[in-house]
2 protein chains.
Amino acid sequence: MTDFSDKKLFDCTQCIFRMYSCMYMPEEEYEKIRKTANQLQFKKGEVILKQGSKTTHLLFLHKGVIKMNYENNAGKNIILTIVSGPKLLGGANLFFKDYNLFSIIAVEDCDVCLFDSKTLMSLLAENGSLLLTLVERATEMFQASIFNYISLAHKQVNGRISDILIYLSEHVYKTKQFILTLTRKEIAEFAGCSHENVIITLSKFNKEGIITINGKEIIINDMDKLQDISRRG
Amino acid sequence: MTDFSDKKLFDCTQCIFRMYSCMYMPEEEYEKIRKTANQLQFKKGEVILKQGSKTTHLLFLHKGVIKMNYENNAGKNIILTIVSGPKLLGGANLFFKDYNLFSIIAVEDCDVCLFDSKTLMSLLAENGSLLLTLVERATEMFQASIFNYISLAHKQVNGRISDILIYLSEHVYKTKQFILTLTRKEIAEFAGCSHENVIITLSKFNKEGIITINGKEIIINDMDKLQDISRRG
DNA sequence: GTTCGGGTATTAAATATTTCATATATGACT
DNA sequence: AGTCATATATGAAATATTTAATACCCGAAC
């Protein structure tokens with residue numbers, strides 16, 4: 001983790017969070033928030049927020065990819081969702097709990113802003129329209145998680161892996177050809193199956209020509225077939 | 001569904017929704033909302049809100065038990081969660097979407113209040129503190145769903161059924177002995193497995209003495225063992 | 001009173017998944 | 001260049017789950 005408190009890493013005037021804010025809030029008000037903001041860079045693998053730690057900040061992911069990781073009481077890691085910036089990471093994890101329910105871990109190098117949640121919350125309570133917008137954004141991610149989990153809980157591994165590939169392609173990397181920084185083990189933690197099963201399934205999709213695997217690179221050749229497998233579960 | 005627009009079914013002064021509201025809102029303001037409220041009773045099995053229909057109302061469940069049901073594009077029913085009143089049913093399903101993402105269906109007879117969401121939203125935008133509280137409540141249910149789904153996606157059927165029994169006991173019926181109105185098929189839709197598997201697992205738990213089944217009645221004899229099975233997955 | 005449909009229950013066979021053992025490849029570090 | 005840890009890959013055995021077939025019970029409808 002690198003702290004650049006003295007200089008500005010990202011241009012705040014380009015910030016999406018600010019864009020939302022100033023739709024509903026005068027510049028001076030926003031400045032109060034901005035002063036509490038802390039620009040940071042995280043390297044792949046670094047923990048941005050740790051499960052169980054106090055929630056003192058709301059997090060805005062400018063750039064990069066993170067995983068929301070939950071370690072259950074058996075010590076098993078479970079990936080709740082994977083998201084790419086720009087995105088506000090709040091909601092159940094950050095908005096209302098005293099302690100973080102999940103960890104947020106960088107899967108690729110990330111640029112983030114941390115906002116002091118106390119300052120933010122008191123400003124939000126006076127500014128319903130902004131709050132509505134923020135909650136709406138934060139809720140979006142939640143909805144996405146729910147639908148991920150519908151897939152995971154009610155489909156077999158073929159369908160789950162298809163869903164994850166579609167999700168990564170459409171919502172994280174936004175292209176059909178991407179470098180997958182997640183390991184097979186991490187995909188297994190996301191899909192809720194053994195890593196062997198992930199490998200077998202990916203190999204099968206590769207052999208059938210639905211996807212092409214070149215080391216870390218994945219190319220989705222036949223999105224229709226993938227969606228068909230997803231549909232049939 | 002029974003409409004009692006002329007008379008009052010439930011006592012509004014006892015309403016939990018009102019309680020939240022008047023913590024942050026003068027009586028006159030609340031009256032605006034109350035005037036748009038519509039008290040209704042639903043019988044077991046009736047659809048309260050239908051997936052795909054327009055979201056015109058926010059729903060407050062006074063009394064009873066509902067299931068959030070999602071019908072996927074293969075026509076398969078999936079139960080997202082089961083909740084008992086009093087509870088505000090909002091969040092992703094109702095707050096921000098033009099159309100309901102899920103259906104809400106009465107599992108037992110229910111008393112509900114429907115609030116016009118337009119009126120409510122405009123009042124909320126002017127009243128950040130109330131909004132925060134409502135969003136917090138709505139988010140709670142979401143969190144619970146997420147943890148349900150962690151269970152479903154990352155455990156095998158024994159663990160899932162255990163989790164569902166624990167959940168029903170602790171959060172829905174609030175006692176270790178309850179009349180389960182859900183059919184085995186519905187439990188299967190919740191657990192994400194075949195109904196045969198539900199029956200086999202429940203029978204097994206029954207034989208092992210962990211639970212006792214008398215027709216529709218379920219008694220949890222050994223909560224520790226159930227939690228142990230849940231933990232081991 | 002009979003029929004019908006739905007819920008409950010059980011089994012065997014087919015299929016899916018995990019576990020375990022093992023092997024190769026890769027990158028980091030010395 | 002060698003060592004270590006980790007990721008990838010594969011196959012066989014053990015286990016879990018679904019599917020399909022069948023049967024019983026019970027309440028609603030005729």
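So that the names make sense, note that chain A is the first sequence line, chain B the second, and so on, each numbered from 1.
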Student: Would you call the rings of B:Tyr173 and B:Phe178 parallel, tilted or perpendicular, taking 30° and 60° as the class edges?
Tutor: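 Rings of B:Tyr173 and B:Phe178: parallel, as their planes differ by under 30°.
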Student: If you check the B:Glu196 side chain, which of C:dT18, C:dC20, C:dT11 turns out closest?
Tutor: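 Of all the options, the side chain of B:Glu196 is nearest to C:dT11.
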Student: Quick one: do the A:Asn100 and A:Lys54 side chains pair a donor with an acceptor below 3.5 Å?
Tutor: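 Side chains of A:Asn100 and A:Lys54: no pair found under 3.5 Å.
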Student: Please report, rounded to the nearest Å, how far the P atom of C:dT8 is from the CG atom of B:Leu202.
Tutor: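 Going from B:Leu202 (CG) to C:dT8 (P), I get 10 Å.
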Student: Nearest of D:dG11, C:dT17, D:dT18 to any side-chain atom of A:Asn197?
Tutor: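 Nucleotide nearest to A:Asn197's side chain: C:dT17.
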Student: Using a heavy-atom cut-off of 4.0 Å across all strands, would you classify A:Ser194 as base, sugar-phosphate, or nothing?
Tutor: base
Student: Provide, to the nearest angstrom, the distance between the CD atom belonging to A:Glu186 and the P atom belonging to D:dT6.
Tutor: 14 Å
Student: How close or far is atom C1' of C:dT26 from atom CD1 of A:Ile213, stated in whole angstroms?
Tutor: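 Interatomic distance, CD1 of A:Ile213 to C1' of C:dT26: 17 Å.
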Student: Going by atom types alone, do A:Lys155 and A:Ser230 pair a side-chain donor with an acceptor below 3.5 Å?
Tutor: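 The criterion, which ignores hydrogens and geometry beyond distance, is satisfied for A:Ser230 and A:Lys155.
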Student: Given D:dA9, D:dT18, D:dT10, identify the nucleotide with an atom nearest to the side chain of A:Ser203.
Tutor: D:dT10
Student: Between C1' on D:dT18 and NE2 on A:His154, what's the gap in Å once rounded to a whole number?
Tutor: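 Value for this atom pair: 15 Å.
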Student: Could you tell me the separation between the CG atom of A:Asn158 and the P atom of C:dA16, rounded to a whole number of Å?
Tutor: 8 Å
Student: May I have the distance from B:Gln156 (atom CD) to D:dT18 (atom P), rounded to whole angstrom?
Tutor: 10 Å
Student: Do you know which of B:Val157, B:Thr183, B:Ile161, B:Leu182 makes side-chain contact (heavy atoms from CB on, under 4.5 Å) with B:Val198?
Tutor: B:Ile161
Student: Cut-off 3.5 Å, side chains only: do A:Glu217 and A:Gln177 have a donor facing an acceptor?
Tutor: yes
Student: Nearest-Å distance, NE2 (B:His195) to P (D:dA21)?
Tutor: 14 Å
Student: Looking at D:dT8, D:dG11, C:dT8, which one has an atom nearest to any side-chain atom of A:Ile199?
Tutor: D:dT8
Student: Please state how far atom CG in A:Leu182 lies from atom C1' in D:dA7, giving the value in whole angstrom units.
Tutor: 13 Å
Student: Is the phosphate of D:dT8, meaning OP1 or OP2, less than 4.0 Å from a side-chain N or O of A:Lys216?
Tutor: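 Indeed, a polar side-chain atom of A:Lys216 lies that close.
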Student: OP1 or OP2 of D:dA7 sitting under 4.0 Å from any side-chain N/O of A:Arg184?
Tutor: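 Result: no.
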